[in-house]
2 protein chains.
Amino acid sequence: MARSRKVLSPRAILVPIGSEVVSGNVVDTNSAFLSRELTQLGFEVIQHVAVKDDAVMIIRVLEDALGKADLIITTGGLGPTFDDITKDVLSRISGQPLVFSPTQLKHIQDYFRKRKRKIHKSARYQAYFPRKSRIFDNRFGVAAGIGIEKEGKWLIALPGVPYEMEGLFKTEIVSFLASQFGKTKIVSVMNAKITGMSEVDVVKKLGTRFPPADNNIQCGIYPSPGEVTVRMTFEANNHKKAASLLKFWGNALCSSLGAHLISLSGESLEEVVGKLLVKRRQTLAVAESMTGGLMAKRLTDIPGSSRYVKGGTVVYCDPIKAAILGIDKRTLHRYSAVSPQTAWLMAKSVREKFRSDWAISITGNAGPGSQGRQPVGIVFVGLAGENTKVVRKYYFVGTRERIRWLASQSALDMFRRALLNE
Amino acid sequence: MARSRKVLSPRAILVPIGSEVVSGNVVDTNSAFLSRELTQLGFEVIQHVAVKDDAVMIIRVLEDALGKADLIITTGGLGPTFDDITKDVLSRISGQPLVFSPTQLKHIQDYFRKRKRKIHKSARYQAYFPRKSRIFDNRFGVAAGIGIEKEGKWLIALPGVPYEMEGLFKTEIVSFLASQFGKTKIVSVMNAKITGMSEVDVVKKLGTRFPPADNNIQCGIYPSPGEVTVRMTFEANNHKKAASLLKFWGNALCSSLGAHLISLSGESLEEVVGKLLVKRRQTLAVAESMTGGLMAKRLTDIPGSSRYVKGGTVVYCDPIKAAILGIDKRTLHRYSAVSPQTAWLMAKSVREKFRSDWAISITGNAGPGSQGRQPVGIVFVGLAGENTKVVRKYYFVGTRERIRWLASQSALDMFRRALLNE
């Protein structure tokens, strides 16, 4: 029984190591990355256990995890400083001493030489590994990954710096896991992103067929500010079956949710908007007040966005709105900077100045203090196109960060819907 | 012995509940927030255990945690949909049925009425709680917090939406924990942020006295892109002792690290730069190319930044650099957009247009593809002030996101040092 489960869907536990995580000094993003990757590879991730830099506690957690899962991946604690103790722990768990690897020392020396940085004595420690362990070369940094086999299960230690860990995982670990665990099952994942509806509204719209009573389909529904994600994982024995499940549920969500559905593939609003603009060969500029650059930043997070983002202006105080965007001071005085009139003039002006097909403007009050005549949370979004002139008012509740985020979210969604309807 | 440990430093374990976390669909930021808060309240957070929406597995984790810690806080799984099972789990652990709370239903109805939103039938489920449990009112949303006492230990369930969880924690849980666990020990925390040095360099500079061999001082050192954090936690029996430890180590770090030290209090580069500008009553504008708004966004993340940020311009393609910032097309043609010449003209021009005391410009190639004559990772940062004209060249390795972040980080640090030296 246990054996058949293992062959079908090996279980994984992730163990981020480091007091920085447990103390809250660092948010652990590594486990989320690894979970997504491992799910795609057919693993079932059952737990994340973050543990502080305490050898006894780490050993207890790892031994407990080896009892529950087939693969354990630790992140962190492979650096050269006093609080990096993962290698000692691996040495104790495997009962093997740390031994020196000349190949790895050479790799470390090359790494420093290439970057024209001085090499420290402590770097030598990074060339020690538990005897008989499997070493995974790290092209992205100094700390190599380490694999230890224990009773047919694998314990793999990766560095904690996300950039290194992700690179090492993709270049070395994916193929290693395939060689060790095979891939007997097809898992396809749908991440439907939805906007303008609450979690409860989404479930109501999807009706009684959702969630389906099928052991091969896992469902979850997750709210985040201004968005709801419906995640469905389909397990099947062949690609055809997996594809047909994906298609069936994709269609079902499309027809139930209509324009509320942003994407089925986890694509964000800024990605979807970008694709629509590329398709139309159109361009965009933005004029931001309260979001202070967040809107432009989100748009340009997307690789290739220079094809459709011409740029933008952040006008963070009234005289600047007048001086840079040429907005009439009397308008600002009569209606205030947080008004539909100003929002419209900002969009209109930035569209002209940047000679873009579209322009979005955001003006509002993100708090903490109230500003002028408008309370915290009031936002006006303007959209200017060749035949488009829209201003919409929003009211958001929450922290400054939340209000700024929701403002950018609403502006992107308003634009997306305009592009879809045109 | 166990008793004395408990009085001195109660232990806490955090249990984020939800398949969205374990599948990597959502990054768990709640545990980091709670860890920081609990550390300040004198708790020792020993583990975070994320577990999927599986009642049996959650119960096993919670019972194991009750054996190791004095306080367990779960987050998530209190919503109204099918995958929210935390209340059922609490009911089973406490051996108490779920009972209806008319007060909580009224609270939920008021919440929807205020927001002019329709109330769903499923909202009624949110007014059920395990009998004899302690209910914590949630002013930020619908799902109340729940506390269950078990053999002198507390198991507290909070909602998973960070905004609600943080609000509820601050308004209700902090005072509750103080009433239950007291506060017998003073804990002060130093978060020293350092830039322009590697983790190893920092340890070397701090010398042999660091980390101190003192059981009342916990140290950690954590690299993140463009920054290193040294975190020291001081435990003392009185405020005077705690303050003197904090002062001693603050001075030690200041004198060892010099201008590399950004702050001792965890303040970010953008916060430190903001304070320096407020003190001088000076203003700033930015001209961004490859960071696409990230720099302006970081500056305006800070509440009150409208006192010193005048605004900025995102010029995301060459014709726009010419049209908006008036940069000579011949300069762009001769030296390219990614050049010290263009960086300087961007800073100079945006300073003039925004009539600011200072201006920062960033131009470079964030990738993925190489652009013009410069390889991916090359960045020029310009700084213009009344008597300042500086352009510096940087070279970063990594993903688009990382290169953009490091560019903004270096620009902020270059500006900080200029403000300190003037």
Side-chain angles (χ1 to χ4, degrees), chain A residues 19-20 22-27 29 32-36 39 45-52 57 79-83 120 122 161 163 191 199-200 203 211 220-223 229 231 292-294 296-297 300 303 306 309-317 320 324 353-354 368 398-400 402, chain B residues 19-20 22-29 32-36 39 45-52 57 79-83 120 122 161 163 199-200 203 211 220-223 229 231 292-294 296-297 300 303 306 309-317 320 324 353-354 368 398-400 402:
Chain A
S19 301
E20 70 272 33
V22 181
S23 68
N25 213 46
V26 161
V27 173
T29 55
F33 168 84
L34 287 172
S35 292
R36 288 192 300 268
T39 303
V45 182
I46 56 171
Q47 274 179 26
H48 303 171
V49 187
V51 58
K52 56 185 231 164
M57 221 180 265
T81 58
F82 60 90
D83 55 359
H120 293 279
S122 62
V161 176
Y163 159 71
N191 276 309
E199 195 183 352
V200 174
V203 173
I221 176 159
Y222 318 120
T229 301
R231 182 184 168 95
L294 171 60
K297 185 250 171 207
T300 59
S306 57
V309 177
K310 283 203 150 181
T313 301
V314 176
V315 282
Y316 215 60
C317 56
I320 285 299
I324 299 295
K353 286 199 185 297
F354 281 75
T399 59
R400 176 180 172 84
R402 183 182 158 89
Chain B
S19 301
E20 70 272 34
V22 182
S23 68
N25 212 45
V26 159
V27 174
D28 169 37
T29 56
F33 168 84
L34 287 171
S35 292
R36 288 192 300 267
T39 304
V45 182
I46 57 170
Q47 273 179 28
H48 302 172
V49 187
V51 58
K52 57 184 229 162
M57 221 180 264
T81 57
F82 60 91
D83 56 358
H120 294 277
S122 63
V161 177
Y163 159 72
E199 195 183 353
V200 174
V203 172
I221 176 159
Y222 318 121
T229 302
R231 182 183 168 94
L294 171 61
K297 184 252 171 204
T300 59
S306 56
V309 177
K310 284 202 151 183
T313 301
V314 177
V315 281
Y316 216 60
C317 56
I320 284 300
I324 299 293
K353 287 201 185 294
F354 282 75
T399 59
R400 176 178 171 84
R402 183 182 158 90

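Sequence lines set the chain letters: A, B, ... in the order given, protein chains first and strands last, and positions in each chain run from 1.
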If we define contacts as heavy-atom pairs under 4.5 Å, which of [options] has the most with chain A?
{"options": "B:C317, B:P303, B:G79", "answer": "B:P303"}
{"options": "B:T229, B:D28, B:I324", "answer": "B:I324"}
{"options": "B:V161, B:V45, B:V26", "answer": "B:V45"}
{"options": "B:G398, B:S23, B:S19", "answer": "B:S23"}
{"options": "B:L34, B:V51, B:T39, B:V200", "answer": "B:V200"}

Flag the one option from [options] with the top tally of heavy-atom pairs under 4.5 Å to chain B.
{"options": "A:H48, A:K52, A:R231, A:K297", "answer": "A:H48"}
{"options": "A:G311, A:S306, A:G292", "answer": "A:G292"}
{"options": "A:T313, A:V309, A:I221", "answer": "A:I221"}

Problem - Those residues that, when tested against A:T399, pass side-chain contact (heavy atoms from CB on, under 4.5 Å) (two or more places apart) - result: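 So A:T399 forms a side-chain contact (heavy atoms from CB on, under 4.5 Å) with A:E401, A:R402, B:Y163.
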
Practice task
Name the region of B:D83, side chain, backbone, both or neither, that has any atom closer than 4.5 Å to a heavy atom of chain A.
Solution key: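 Side chain of B:D83 only, per the 4.5 Å heavy-atom cut-off to chain A.
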
Problem - Side chain / backbone / both / neither for B:F354 at chain A, heavy atoms under 4.5 Å - result: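 Contact with chain A: backbone and side chain both.
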
Exercise for the section: Taking the side chain as every heavy atom from C-beta outward, state whether A:Q47 and B:V22 have any pair of such atoms under 4.5 Å apart. Expected result: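 No, every pair of side-chain atoms sits at 4.5 Å or beyond.
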
Check [X] against [Y] and note the closest heavy-atom contact, atom names and distance.
{"X": "B:V27", "Y": "A:A32", "result": "CG2-CB, 3.7 Å"}
{"X": "B:P80", "Y": "A:E199", "result": "CD-OE1, 4.4 Å"}
{"X": "A:T300", "Y": "B:R400", "result": "O-NH2, 2.5 Å"}
{"X": "B:R36", "Y": "A:G24", "result": "NH1-O, 2.7 Å"}

